[in-house]
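Below, chain A is the first sequence line, B the second, and so on; all start at residue 1.
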There are 4 protein chains.
Amino acid sequence: MKRVGKKTSRAERKALRPHEILEAAFEEFAAKGYAATRVEDIATRLRITKGTVYLYFPTKDVLFQEMFRHASTSSADPSTAIGCLRGSCADRIRDLLLITYENTANDRRTRELLRLSVAEGTRLPKMVDCRHELFIAPTLAALTTLVEEGVKSGELRQDTAADTPDVLASSIFQVAVWHLMLADRRPIDGRALMEAHIDLVMNGLLRRSERMA
Amino acid sequence: MKRVGKKTSRAERKALRPHEILEAAFEEFAAKGYAATRVEDIATRLRITKGTVYLYFPTKDVLFQEMFRHASTSSADPSTAIGCLRGSCADRIRDLLLITYENTANDRRTRELLRLSVAEGTRLPKMVDCRHELFIAPTLAALTTLVEEGVKSGELRQDTAADTPDVLASSIFQVAVWHLMLADRRPIDGRALMEAHIDLVMNGLLRRSERMA
Amino acid sequence: MKRVGKKTSRAERKALRPHEILEAAFEEFAAKGYAATRVEDIATRLRITKGTVYLYFPTKDVLFQEMFRHASTSSADPSTAIGCLRGSCADRIRDLLLITYENTANDRRTRELLRLSVAEGTRLPKMVDCRHELFIAPTLAALTTLVEEGVKSGELRQDTAADTPDVLASSIFQVAVWHLMLADRRPIDGRALMEAHIDLVMNGLLRRSERMA
Amino acid sequence: MKRVGKKTSRAERKALRPHEILEAAFEEFAAKGYAATRVEDIATRLRITKGTVYLYFPTKDVLFQEMFRHASTSSADPSTAIGCLRGSCADRIRDLLLITYENTANDRRTRELLRLSVAEGTRLPKMVDCRHELFIAPTLAALTTLVEEGVKSGELRQDTAADTPDVLASSIFQVAVWHLMLADRRPIDGRALMEAHIDLVMNGLLRRSERMA
DNA sequence: TATGAATGAGAATTCATTCAT
DNA sequence: TATGAATGAATTCTCATTCAT
């Protein structure tokens, strides 16, 4: 006898569980850190019991790592954005930075993964390295390509330093860290800061006539 | 019976103890985070026992907060640096950024305080706010003053955005976070990156002729 | 739709299940003891799930006791052997001991029941008493009868002690315990030991001329 | 200020603790088996808390093994007895069997170690092997020596089987197992059974004239 | 009948904190 | 002051048992 109005069947529920648990784990671990989070907190968030969590993940440690992987995977893949860029080098650099900003500093999930990377990174360096390989390195590589192109075409300065791509991305880190530390207590307009950053980095702070050697 | 030649007397030892404990606490909390650090680990680092720690600090929580305050206090006071600046606005901005970099992103202690601020900030917002008031805000205020001065004197662009001071400081955050996440596994030359950042932000990436509107 | 060639029908399966479960339970409990055995281990051995086990046995404890009873029942009934004995008293004693040896010390199932009796006997004295009544006491009684007969007929010594039947059976215990403790790591030839035991107990170790008073 | 009448100082207590805990552990493990014993039960027996147990033993498993070793060590060393034997071979065999009986089947501690060897031996074969090496093998070796001597001197039968020493010891196992299984519910006079066993094994059950070939 | 997801009562182990010495 | 044995609350993880499908 099928009960009417029942949202999810048993099988559906089971298929959903791992995902639900990983989501709840993300919230708890992000809020309290690994050691201070109790498996029971994660379960309670889903109105289930801790036993159920252990049905899907063998240990708290595995749960944490799978959560991290899961949350990382569901973040936007930088390669998607890179392929869509159009216009001059400056335009493409600008667009890539803004898109990356939206996907990272301005995305709560990515920000919290940064928090966990900083907080638990000493314990789990592999985890952080993996994240670096998948998200940070590709974005910096794309910026490098764009800058090289711009230099070649004469659109950008010839004397560009090797660190230029990092500099281009620096305010993304800043906004993310600011958020993580000060949350809503001292809010910043991340978008405006990004715009200002791009403007400065492109045009410089000095008046033309004052340009340094 | 007083032993001659003893390095530190009982009284001296007593006076030193709180300081020693706070230092040891800093190392342990920075390495493992609040929850994962055991009071006994801190004691063992000093070759004393946990009972002695409790002679000076009533709880682990108080010890953590006093450690944070202590480590913050012993960091370089930004106001010292600000007073010493000389030269053109650009020079003073440049020098302030480099000094701040040396005192923060390039200083292990300050970097680890940033890690703790990110990791435990949700639990102890007051702590982070305090740190913001004492170090971040004053530095940004000094940058704001310098920029305003430069704009007034015509050395800097007239259309400078309000966020300019933040942008100036952004790569400091970046270098610090990079260190915290990737440590020595993917080292960066922070100083070179800072130089590149200052150059870009001052002179811009675009060739003069390409300057955006 | 009934599949042709199916080995066991649903009804047959149902009739078999309790037996199968008891057999699987025997293996698991014998290998790991009561407390260390999980109901799921028993189920997995049969490629069924623990729910099914609970369809036939209400609790783990009941399952254990029924397993014990079942395994005991399926052991050879000593009265069968006793009825078949022929020959002189000495022959019949000898044959009874050898048959009992084969049915107990040399029978893995009986040996493991001894293990469980020793391991869990404190918790379940009834269980052990029952086993004693059904197997040990009848065998000893038969030996007593045979010895009495032999004494009466003059075949055996007149001064036989009351404990003689126990002594006759002692090496059966020894071989069983040795197996349980040392398994195949220090194997013994149980049959040879039994033969030696019977010989000694019948003829004595001393030379005739040395016989004790 | 020393309190009068205080039985044990702190240091004394500490020195005693491991021994106390091992004794309590022996009682509990012997009574309930490894898996069914809770560390807290052991602690409660000493009117301490489980935390204290963990101050001296890192895990329940280690505690069990150290308990086993400790209880084994404190059992009588068979070599002591063997050295004291005097008289004819038969006398010495008789005395060795009786002494061994007193030290094993008639000694509660040794009996319970046998129970644990049977119950947990599958899990910890090393433990049992060790016990075999230290107690069982030496005793059987001593019996072998005595028998060989007796055969050489003509005191014992020339056709003695290799298994004779085992047969000599068999009723020791029997009494021990009987105790473990039936405790006080069906008591036996172990001493009398031993005497009967020795008598039979020395003199045989058959009348002289009936001696088998 | 059979399943296996879910539960929740434990049990092992850890560790902040206390306090007698 | 310093110690470290002892405590006991908290936490991870397990598993007998239930029950909806």
Side-chain angles (χ1 to χ4, degrees), chain A residues 1-3 6 9-15 17 35-41 43 46-63, chain B residues 10-11 13-14 17 35-43 46-63, chain C residues 10-11 13-14 17 35-43 46-63, chain D residues 1-3 6 9-15 17 35-43 46-61 63:
Chain A
M1 195 168 34
K2 204 172 179 181
R3 267 188 278 159
K6 200 174 178 185
S9 77
R10 201 146 194 262
E12 287 166 340
R13 167 85 338 158
K14 190 200 168 173
R17 276 279 184 251
T37 296
R38 300 180 312 139
V39 173
E40 190 156 24
D41 296 336
L46 297 170
R47 300 177 193 279
I48 61 179
T49 61
K50 53 186 167 10
T52 304
V53 175
Y54 281 98
L55 236 41
Y56 296 91
F57 301 95
T59 66
K60 182 183 172 185
D61 204 79
V62 166
L63 173 56
Chain B
R10 166 100 58 123
R13 171 101 307 184
K14 181 185 174 181
R17 269 286 139 78
T37 295
R38 300 181 312 143
V39 173
E40 190 155 23
D41 295 338
I42 296 168
L46 297 171
R47 299 175 192 278
I48 60 177
T49 61
K50 49 192 183 328
T52 305
V53 174
Y54 279 93
L55 242 36
Y56 297 92
F57 303 94
T59 66
K60 181 184 173 184
D61 204 78
V62 166
L63 172 56
Chain C
R10 166 102 54 129
R13 170 102 308 183
K14 183 184 172 181
R17 269 288 138 80
T37 295
R38 301 182 311 143
V39 173
E40 190 155 23
D41 295 337
I42 296 168
L46 296 170
R47 300 177 193 278
I48 60 178
T49 61
K50 50 191 183 329
T52 305
V53 174
Y54 280 93
L55 241 37
Y56 296 91
F57 303 93
T59 66
K60 181 185 173 182
D61 205 78
V62 167
L63 172 56
Chain D
M1 192 169 34
K2 203 171 179 180
R3 266 188 279 159
K6 199 175 178 184
S9 76
R10 201 149 195 261
E12 287 166 340
R13 169 82 338 157
K14 190 198 168 175
R17 277 278 185 252
T37 295
R38 300 179 313 140
V39 173
E40 190 155 23
D41 296 336
I42 297 168
L46 296 170
R47 299 177 193 278
I48 60 180
T49 61
K50 50 187 168 8
T52 304
V53 175
Y54 281 97
L55 236 42
Y56 297 90
F57 301 94
T59 65
K60 181 183 173 185
D61 204 80
L63 173 56

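Of the candidates F/dA5, E/dG4, E/dA6, F/dA5 carries the atom nearest the D/L55 side chain, counting heavy atoms from C-beta on. Proximity note for D/Y56 (side chain, C-beta onward) versus E/dG4, F/dG4, F/dA6: the nearest is F/dA6. Closest to the side chain of A/K50, out of F/dA6, E/dT3, F/dT12, is F/dT12. Nearest nucleotide to the D/Y54 side chain, out of F/dA2, F/dC13, E/dT13: E/dT13. The side chain of D/R38 has E/dA11 as its nearest neighbour among E/dC15, E/dA11, F/dT12.
Put simply, CG on B/D41 is 12 Å from C1' on E/dA16, counting in whole angstrom units. Here the P atom of nucleotide E/dT13 and the CG atom of D/D61 are 8 Å apart, to the nearest Å. Straight-line distance from the CZ atom of C/F57 to the C1' atom of F/dT17: 16 Å, rounded to whole Å. The separation between A/I48 atom CD1 and F/dC19 atom P is 19 Å, rounded to whole Å. The nearest whole Å value for the distance from the CZ atom in C/R47 to the P atom in E/dG4 is 14 Å. A/L63 has its CG atom 16 Å from the P atom of F/dT11, to the nearest Å. Remark: P of E/dG4 and CD of A/E12 are 18 Å apart, rounded to the nearest angstrom. When rounded to the nearest whole Å, the span between CD of B/E40 and C1' of F/dG4 equals 9 Å.
Partners of A/R13 under the salt bridge (Lys or Arg N to Asp or Glu O under 4.0 Å) rule, at least two apart in sequence or in another chain, are A/E20.
Contact of the A/Y54 side chain with the A/V39 side chain is registered, since non-hydrogen atoms from C-beta on lie closer than 4.5 Å. Contact annotation: the side chain of A/I48 approaches that of A/R17 to within less than 4.5 Å [non-hydrogen atoms, C-beta and beyond]. Put simply, the side chain of B/I42 reaches to within 4.5 Å of the side chain of B/L63, judged on heavy atoms.
C/A43 and C/V53 get closest at one heavy-atom pair: CB-CG2, 3.8 Å. Contact between C/A35 and D/A36 at its shortest, heavy atoms only, is CB-N, 3.9 Å.
Nearest-nucleotide mapping onto DNA chain F: of D/R17 and A/K60, the residue sitting toward the 5' end is D/R17. The 5' end of DNA chain E is approached more closely, in terms of each residue's nearest nucleotide, by A/G51 than by the other of D/T59 and A/G51. When each of C/P58 and D/R13 is assigned the nucleotide of DNA chain F with its nearest heavy atom, D/R13 is the one assigned upstream, toward the 5' end. Residue-to-nucleotide proximity on DNA chain E shows that, of D/T37 and B/V39, the 5′-proximal contact is made by D/T37.
A close approach under 4.0 Å does not occur between any side-chain nitrogen or oxygen of D/T52 and OP1 or OP2 of F/dA6.
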How would DNA chain F look in dot-bracket form, 5' to 3', counting Watson-Crick and G-U wobble pairs with both distances under 3.5 Å and writing | for bases paired to another strand? .||||||||||||||||||||
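With hydrogens and angles disregarded, no donor-acceptor distance shorter than 3.5 Å links the side chain of D/K50 to the backbone of D/D41.
Separating the CG atom in D/L55 from the NZ atom in D/K14 is a distance of 8.5 Å, to the nearest 0.5 Å.
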